[in-house]
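Throughout, a chain's letter reflects where its sequence line sits, starting with A, and its residues are numbered from 1. Both backbone and side-chain heavy atoms feed into the values below; hydrogens, waters and symmetry mates do not.
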Amino acid sequence: MGLRIHNTLGRQKEEFVPLRPGEVQMYVCGVTVYDLSHVGHARSALVFDMIRRYLRFKEYRVRMVRNFTDVDDKIIARAHQEGVSPRELAERYIEEYRKDMAALGVGEADVEPKATDHISQMIRLIERLVTKGVAYPLDGDVYFEVKRFPSYGRLSGMSLEDLRAGARVEVDERKRDPLDFALWKRSKEGEPAWPSPWGPGRPGWHIECSAMSMHYLGDSFDIHGGGEDLIFPHHENEIAQSEAITEQPFVRYWIHNGFVNLGAEKMSKSLGNILTVKELLRHHDPEAFRLYLLGTHYRNPLDFSLERIAEAARALERFRNLFDEADRLAAKGTPPPGGDDGLLEKVARARHRFEEVMDDDFNTAQAVAALFDLAHLLQAFRSKVTQGQVAVGPFLLGVGELLTLGRVLGLFEATSKPPLSVPPELRARVETLVQARSDARSRRDWATADRIRQELAELGVSVEDGPEGTTWKLRP
RNA sequence: GGCGGCGUAGCCAAGUGGCCAAGGCGGAGGUCUGCAAAACCUCUAUUCAGCGGUUCGAAUCCGCUCGCCGCCUCCA
């Protein structure tokens, strides 16, 4: 079975066939760097990170480009406000974005280009558009003439008439059509400017993605992604610009992720209802957040809720308990003999199911369900290992497979809460108390044992007595 | 106004014509354990916003109604 992807162009699932066998070229719209990124940006980044991981699991060689928009009105306005240069402001937030993504476990793209490093490529594209007669200069600006591109509106599913009917853009009498959009903007006093055939100015927003994607990936490439708010006008305009020049299909598969809502409304800066990634990670485990996100299909809206993330953290604990158990059994050495009781075949079936549901337009909710089922299976088997009924080897193999599959989704990078976060002096004190409690227990002095457990609880430590002895961990 | 999407258990959420409607959280009972925790087992939607229709058969297709959201302006 092959991968099927929902293509925004056509609004249906299609079999995924890359341009070159075994290779995938993808471009993802990144962020405009004028402020800290929020949970909505995080969702988009995590979705495309998951897609890239899965494509790699399918043994595709993936080349991914994710851009930074580092010149635009908001950056300029913000920089003026803070009394720094737009470049300085952009650099700062690029740095912050990279830190946030790393903290979320989102891998770096193969290329992370900045718009301002590609001005000459943009100018060349604009020149070609002017030469072809699909764009026209006007007082130092250059506009794309939408009427010259017959399939304009195809991605968003709207006709020019539909678009004109609902147009909320300010009518600029100079433009040939209200829907014509800027490729190049004449710069005003005090704004960053680059020399061009039309005078000093700066690029319009849409042209940068055409320029950078075609520069790094070619005139036609496989996947272009971003949040669903980019469908119109951003991606619609990219198609118009690019295809007007090359007269070839720009992108084969358009993938758009759904929004994060907060309080029944889209999380966005203009509405003011945002939660930054930094704020999120101050209180929550990044893997719990990832598990929470994966529980909802990437195209569906997600109602953000800290309570749901806390639930995901509890669910994640169950996997981690299993991994701890596997570590303990693996460390014991000299595996006792025994059968596998059909476990490995069930593990293979779980893998098959995982791949099948992921092949269906990245159904991570189902994939996660397969992971939970596999974990249950392994836990049940582990009870039998402990009782000496079956061998430990198949159990460890099964856990290894669970880890492999989870990591395809970016989960289980940390198999347990990092014990490193325990300060050494606290660790020593806890170890002493745990030992004292074990001594008391071996004397069957339950009163003392319980008292010590209470003492440990006050330190935020919980203890568990198992057949292999007592273990402890920090409670969140 | 135009275009599009959503409404599934206490909560979250998959499923888009036919095996018992995934999975998670929460809850109930049981096993194990000195107790606890963890883990395991069982149970927790005769029903998919409502009303009609198509079909041998619909949560899934069609129509209408109600409620919610997004895009059409910068936006992941």
Quiz item: Toward the 5' end of RNA chain B, which comes first, A/R43 or A/H297, by nearest nucleotide?
Solution: A/H297
Quiz item: How long is the line joining NE2 of A/H256 and P of B/rA76, in whole Å?
Solution: 13 Å
Quiz item: Is a side-chain donor-acceptor pair under 3.5 Å present for A/Y152 with A/N237?
Solution: yes
Quiz item: Considering residues at least two apart in sequence or located in another chain, which fulfil the side chain to side chain contact (heavy atoms under 4.5 Å, CB included) criterion with A/E95?
Solution: A/R98
Quiz item: With sequence neighbours left out, which residue pairs that include part of residues 364-375 of chain A fulfil the salt bridge (charged side-chain N to carboxylate O under 4.0 Å, His left out) condition?
Solution: A/R353-A/D373
Quiz prompt | Protein proximity profile, nucleotides 23-37 of chain B - base contact B, sugar-phosphate-only contact S, no contact -, cut-off 4.0 Å on heavy atoms | solution = SBSS-------BBBB
Quiz item: Which heavy atom of A/G190 sits nearest a heavy atom of A/H80, and at what distance?
Solution: O-NE2, 3.5 Å
Self-check item: Partner set under side chain to side chain donor-acceptor pair (under 3.5 Å) for A/D450, not counting sequence neighbours
Solution: A/R453
Exercise. Could you state the atom-to-atom distance from CG of A/L377 to P of B/rA39 in whole Å?
Key: 16 Å
Exercise. State which residues pass side chain to side chain contact (heavy atoms under 4.5 Å, CB included) with A/Q454; sequence neighbours excluded, sorted by chain then number.
Key: A/E458
Quiz prompt | Partners passing side chain to side chain contact (heavy atoms under 4.5 Å, CB included) against A/E228 (at least two apart in sequence or in another chain) | solution = A/I231, A/H256, A/F259
Exercise. Using side chain to side chain donor-acceptor pair (under 3.5 Å) as the criterion, list what pairs up with A/S37, not counting sequence neighbours.
Key: A/D100
Quiz item: Is NZ or CZ of A/K269 both nearer than 6.0 Å to the six-membered ring centre of A/Y34 and within 45° of the ring axis?
Solution: yes
Quiz prompt | Spacing between A/L374 atom CG and B/rC40 atom C1', to the nearest angstrom | solution = 16 Å
Practice problem: Using the six-membered ring wherever Trp is involved, compare the ring planes of A/Y253 and A/F16 and label them parallel, tilted or perpendicular (cut-offs 30° and 60°). | Solution: tilted
Quiz item: Using 30° and 60° as the class limits, which term best fits the ring planes of A/F144 and A/F149: parallel, tilted or perpendicular?
Solution: perpendicular
Quiz item: Any chance the side chains of A/N300 and A/Y298 put a donor and an acceptor closer than 3.5 Å?
Solution: no
Practice problem: Starting from C1' on B/rU73, measure out to CG on A/L179 and report it in whole angstrom. | Solution: 12 Å
Can you give me the N/O atom pairs linking the protein to nucleotides 2-8 of chain B at distances under 3.5 Å, or say none if there are none?
| unit_1 | atom_1 | unit_2 | atom_2 | d |
| --- | --- | --- | --- | --- |
| B/rG2 | O2' | A/D162 | OD1 | 2.9 |

Practice problem: Using whole Å, report how far OH of A/Y27 lies from P of B/rA76. | Solution: 13 Å
Quiz prompt | Paired and unpaired positions of RNA chain B as dot-bracket, Watson-Crick or G-U wobble under 3.5 Å, | denoting a partner strand | solution = ((((((((.[[[..)..(....]]]((((((.......))))))....[[[[[..)....]]]]])))))))....
Quiz item: Closest to the A/F232 side chain: B/rA76, B/rA14, B/rC71?
Solution: B/rC71
Practice problem: Go through the structure and list residues passing side chain to side chain contact (heavy atoms under 4.5 Å, CB included) with A/K114, not counting sequence neighbours. | Solution: A/F68, A/D70, A/E91, A/I94, A/T116, A/D117
Identify every side-chain donor-acceptor pair in residues 434-444 of chain A under 3.5 Å, counting partners at least two apart or on other chains, and give the distances.
| unit_1 | atom_1 | unit_2 | atom_2 | d |
| --- | --- | --- | --- | --- |
| A/Q435 | NE2 | A/D439 | OD1 | 3.1 |
| A/R437 | NE | A/A449 | O | 3.3 |
| A/R437 | NH1 | A/D465 | OD1 | 3.1 |
| A/R437 | NH2 | A/D465 | OD2 | 2.9 |
| A/S438 | OG | A/V434 | O | 3.1 |
| A/R441 | NH1 | A/D465 | OD1 | 3.4 |
| A/S442 | OG | A/S438 | O | 3.3 |
| A/S442 | OG | A/D439 | O | 2.7 |

Quiz item: Of the residues in residues 72-79 of chain A, which ones touch RNA chain B at a heavy-atom distance under 4.0 Å?
Solution: A/K74
Quiz prompt | Rounded C1' spacing from B/rG15 to B/rA22 in Å | solution = 7 Å
Self-check item: Given B/rA14, B/rC69, B/rC74, the nucleotide with the shortest approach to the side chain of A/N261
Solution: B/rC69
Quiz item: Tell me: CD of A/E325 to C1' of B/rA38, nearest whole Å?
Solution: 9 Å
Exercise. Report the nucleotide, chosen from B/rG15, B/rC74, B/rC71, that has the shortest atom-to-atom distance to any side-chain atom of A/K266.
Key: B/rC71
Quiz item: How far, in whole Å, is B/rU54 from B/rG7 if one measures between their C1' atoms?
Solution: 23 Å
